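Starting from 1, each residue takes its place in the sequence as its number. Here the structure is a predicted model, which means the values were calculated and not measured.
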Amino acid sequence: MGYKQITLYSIIAFCFVASIFWVNHNYSFYERPIAKVIEIHLEDTTEVTDMYQNKDHLFTQSLIAELKNGQEQGQRIHLTNQYSSSKAYDQEYHVGDELFISIDTNTKDESKLTGTIEDVKRDKYVLIVAWIFIFTLLFVGKKQGLFSIISLVVNAILLSYALDVYLNTSGIGLLFISSISIILFTVISLLLSNGFNEKTYAAIIATLLGTFISLLITYLVMLFTSEKGLRYEEMQFITSPYRIVFMAGLFVGALGAVMDVAITMSSSIFGLYEKNNNITVKALKASGLEIGKDIMGTMTNILFFAYISGSIPMLILYLKNASPLAFTLSINLSLELARALAGGIGIVLTIPIGLYTTIFFINRKRATK
């Protein structure tokens with residue numbers, strides 16, 4: 001193991017230990033009071049049945065917790081929690097859980113602090129999952145895994161900045177901001193993950209063409225059909241034009257799948273060329289189309305399941321409350337299916353675009369030899 005590798009692994013190990021230590025002792029950085037549960041007593045259990053004969057059980061917990069920050073740090077506070085068996089909008093707490101609370105100011109007994117539970121402090125669990133993700137990427141991808149992490153962080157910062165610009169600048173449209181963001185996302189992600197080479201350049205061009213053409217087709221379909229069948233009810237609480245927000249979501253949502261297809265096509269075809277520099281263009285086209293057919297079905301299904309899976313809880317909720325099946329599907333799945341179809345169009349278009357773009361770069365590479 002070289003000096004650079006030892007240094008890199010030492011930095012990662014230090015960051016891991018330091019972040020774990022910090023997240024377990026960062027109470028003073030929060031403005032809201034935090035309390036750690038030290039005792040729990042189950043006070044009451046009640047069975048309830050709604051008008052549709054759905055049965056549930058309600059439980060009442062009495063909690064004693066120790067305040068970890070603020071002026072009352074170290075004092076004990078008494079809390080009450082009610083949760084159900086379904087745990088749809090509540091949850092059961094256990095000893096050791098850390099909770100965000102609000103302290104009651106109008107307490108008759110000043111020697112006994114009481115309060116209300118607002119939320120759970122989950123940062124330590126989120127950090128552990130994040131580190132598992134990072135270690136997996138580094139173990140499998142090595143150097144490319146590190147660059148993938150960097151590109152992910154950079155893209156997250158760019159997305160946050162783009163949304164901030166949109167919310168604070170009335171003169172710039174959301175679709176324009178999304179277009180610029182997608183170009184930056186694509187260039188940064190592919191260059192960091194695959195380096196500066198013809199394979200990456202071909203994937204960038206194919207990704208951008210596939211994404212923008214799929215958005216154009218989706219827009220034209222929505223225009224000619226007057227958006228019939230699309231149910232925007234879940235988006236009408238936002239103050240921005242929900243159609244524009246929906247189109248921007250289509251834009252960003254299709255990017256990941258399209259980018260994956262583009263780099264797969266580019267890498268595969270360049271791999272064939274690098275193994276046999278004398279391979280004909282006809283053979284490259286035939287092999288590229290076979291590769292495209294193999295990944296087209298799986299990628300389309302991945303996109304479909306990724307969008308639909310988020311609607312499963314609402315589907316169950318509607319159906320358990322005796323909503324008609326057709327109404328339930330239309331109200332919950334119309335937008336998700338539209339997103340999946342738009343992404344599927346992008347995937348299918350990217351296969352021939354990626355194929356011919358890659359062949360163009362291969363021919364140009366041959367010409368320079």
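Interatomic distance, CD1 of Ile308 versus CZ of Phe305, reported as 9.0 Å (0.5 Å rounding). The CG atom of Leu174 sits 9.0 Å away from atom OG of Ser179, with the distance rounded to the nearest 0.5 Å. One distance of note links OG1 of Thr264 with CD1 of Ile291; it measures 9.0 Å at 0.5 Å rounding. In this structure, CG in Leu175 is found 11.0 Å from OG in Ser181, a value given to the nearest 0.5 Å. In this structure, CD on Gln91 lies 11.0 Å from OG on Ser84, to the nearest 0.5 angstrom. Atoms CG and CD, from Leu67 and Gln73 in turn, are 8.5 Å apart once rounded to the nearest 0.5 Å.
In the hydrophobic clustering of ILVMFWY residues, with side-chain heavy atoms under 4.5 Å counting as a link, Ile38 and Leu79 come out apart. Neither Leu341 nor Phe212 shares a network with the other; the hydrophobic side chains, linked directly or stepwise wherever heavy atoms of I, L, V, M, F, W or Y lie under 4.5 Å apart, form separate groups for each. One hydrophobic cluster holds both Leu137 and Phe147 under the rule that ILVMFWY side chains link at heavy-atom gaps under 4.5 Å. By the rule that hydrophobic residues join a cluster once side-chain heavy atoms approach within less than 4.5 Å of another member, Ile263 and Leu255 end up as members of one cluster. There is no path of hydrophobic side-chain contacts, each under 4.5 Å, that joins Val258 to Leu158.
The closest side-chain donor-acceptor pair between Tyr30 and Asp123 falls under 3.5 angstrom. Under the 3.5 Å distance criterion, with hydrogens and angles disregarded, no donor-acceptor pair is assigned to the side chains of Asn301 and Thr298. Side chains of Asn26 and Lys121: a donor on one and an acceptor on the other come within 3.5 Å. A donor-acceptor pair shorter than 3.5 Å cannot be found between the side chains of Asn81 and Thr60. No donor-acceptor contact under 3.5 angstrom links the side chains of Asn194 and Lys199, judged on distance only.
Using a 4.5 Å heavy-atom cutoff, the side chains of Phe361 and Ile205 are in contact. Between Val48 and His57, every side-chain heavy-atom pair lies at or beyond the 4.5 Å cut-off. Side chains of Leu8 and Leu146 form a contact here, defined as non-hydrogen atoms less than 4.5 Å apart. With contacts defined as side-chain heavy-atom distances shorter than 4.5 Å, the pair Leu191/Tyr201 qualifies. The closest side-chain heavy-atom distance from Thr116 to Ile101 is not below 4.5 Å. Leu337 has its side chain within reach of Phe304: a pair of non-hydrogen atoms, C-beta onward, lies under 4.5 Å apart. The shortest side-chain heavy-atom distance between Ser311 and Glu336 falls under the 4.5 Å cut-off. Contact annotation: the side chain of Asn168 approaches that of Asp164 to within less than 4.5 Å [non-hydrogen atoms, C-beta and beyond].
Using a cutoff of 4.0 Å between basic side-chain nitrogens and carboxylate oxygens, Glu198 and Arg364 are not scored as salt-bridged. Glu98 and Arg122 are not joined by a salt bridge, as no carboxylate oxygen comes within less than 4.0 angstrom of a charged side-chain nitrogen.
Within the structure, ring pair (Phe, Tyr, Trp, His ring centres under 6.0 Å) contacts touching residues 117-136 (residues at least two apart or in different chains) are Phe16-Trp131, Phe16-Phe135, Trp131-Phe135.
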Problem set entry | Worked check of side chain to side chain contact (heavy atoms under 4.5 Å, CB included) between Gln61 and Thr80 | CA-CA 6 Å; Gln61 288 180 309; Thr80 301; over 6 Å; no

Exercise. Could you go step by step and tell me if Leu113 and Glu72 meet the side chain to side chain contact (heavy atoms under 4.5 Å, CB included) rule?
Worked result: CA-CA 9 Å; Leu113 285 178; Glu72 295 83 5; 4.0 Å; yes

For this session: Tell me, with the steps shown, if Phe59 and Ser85 meet side chain to side chain contact (heavy atoms under 4.5 Å, CB included).
Result: CA-CA 8 Å; Phe59 304 91; Ser85 298; 3.4 Å; yes

For this session: Check step by step if side chain to side chain contact (heavy atoms under 4.5 Å, CB included) holds for Met259 and Ser189.
Result: CA-CA 9 Å; Met259 190 187 302; Ser189 298; 3.9 Å; yes

For this session: Take Ser28 and Asn69 through the side chain to side chain donor-acceptor pair (under 3.5 Å) test and state the conclusion after the steps.
Result: CA-CA 6 Å; Ser28 60; Asn69 62 346; over 6 Å; no

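Ser287 contributes a side-chain N or O that, together with a main-chain N or O of Ala283, makes up a donor-acceptor pair within less than 3.5 Å. Judged by distance alone, with hydrogens and angles left aside, the side-chain atoms of Asn24 form no donor-acceptor pair with the main-chain N or O of Phe21 at under 3.5 Å. In this structure a side-chain-to-backbone donor-acceptor pair under 3.5 Å is missing from Glu39 to Leu63. Ser160 contributes no side-chain N or O that, together with a main-chain N or O of Ala156, makes up a donor-acceptor pair within less than 3.5 Å. Remark: the backbone N or O of Asn277 is paired with a side-chain donor or acceptor of Arg366 at under 3.5 angstrom. Side chain of Ser330 to backbone of Phe327: a donor-acceptor contact under 3.5 angstrom is found. No donor-acceptor distance shorter than 3.5 angstrom exists from the side chain of Ser323 to the backbone of Leu319, with no hydrogens or angles considered. A donor-acceptor contact shorter than 3.5 Å links the side chain of Thr358 to the backbone of Gly354.
For Thr218 against Ser214, the heavy-atom pair with the smallest separation is OG1-O, 2.8 Å. Among all heavy-atom pairs drawn from Gly343 and Ala254, the shortest one is CA-CB, 3.9 Å. Residues Leu42 and Thr45 approach most closely at CD2-OG1, 4.1 Å, considering heavy atoms. What you find for Met299 and Val261 is that their closest heavy atoms are CG-CG2, 3.9 Å. Of all non-hydrogen atoms in Ile351 and Met265, the two that sit nearest each other are O-CE, 3.6 Å. When every heavy atom of Ala35 is checked against every heavy atom of Ile77, the shortest pair comes out as CB-CG2, 4.2 Å.
Partner of Val154 under the side chain to side chain contact (heavy atoms under 4.5 Å, CB included) criterion, chosen from Ile149, Leu159, Ile188: Ile188.
Relative ring orientation between Tyr273 and Phe270 is described as perpendicular, the plane-to-plane angle rising above 60° on a 0-90° scale split at 30° and 60°.
Applying the 6.0 Å contact sphere to OH of Tyr83 captures more than 12 heavy atoms from other residues, nucleotides or ligands. The environment of CD in Glu47 is crowded: more than 12 heavy-atom neighbours from other residues, nucleotides or ligands sit within 6.0 Å.
Both tests pass for Lys68 against the ring of Tyr27: distance under 6.0 Å to the centre and angle within 45° of the axis.
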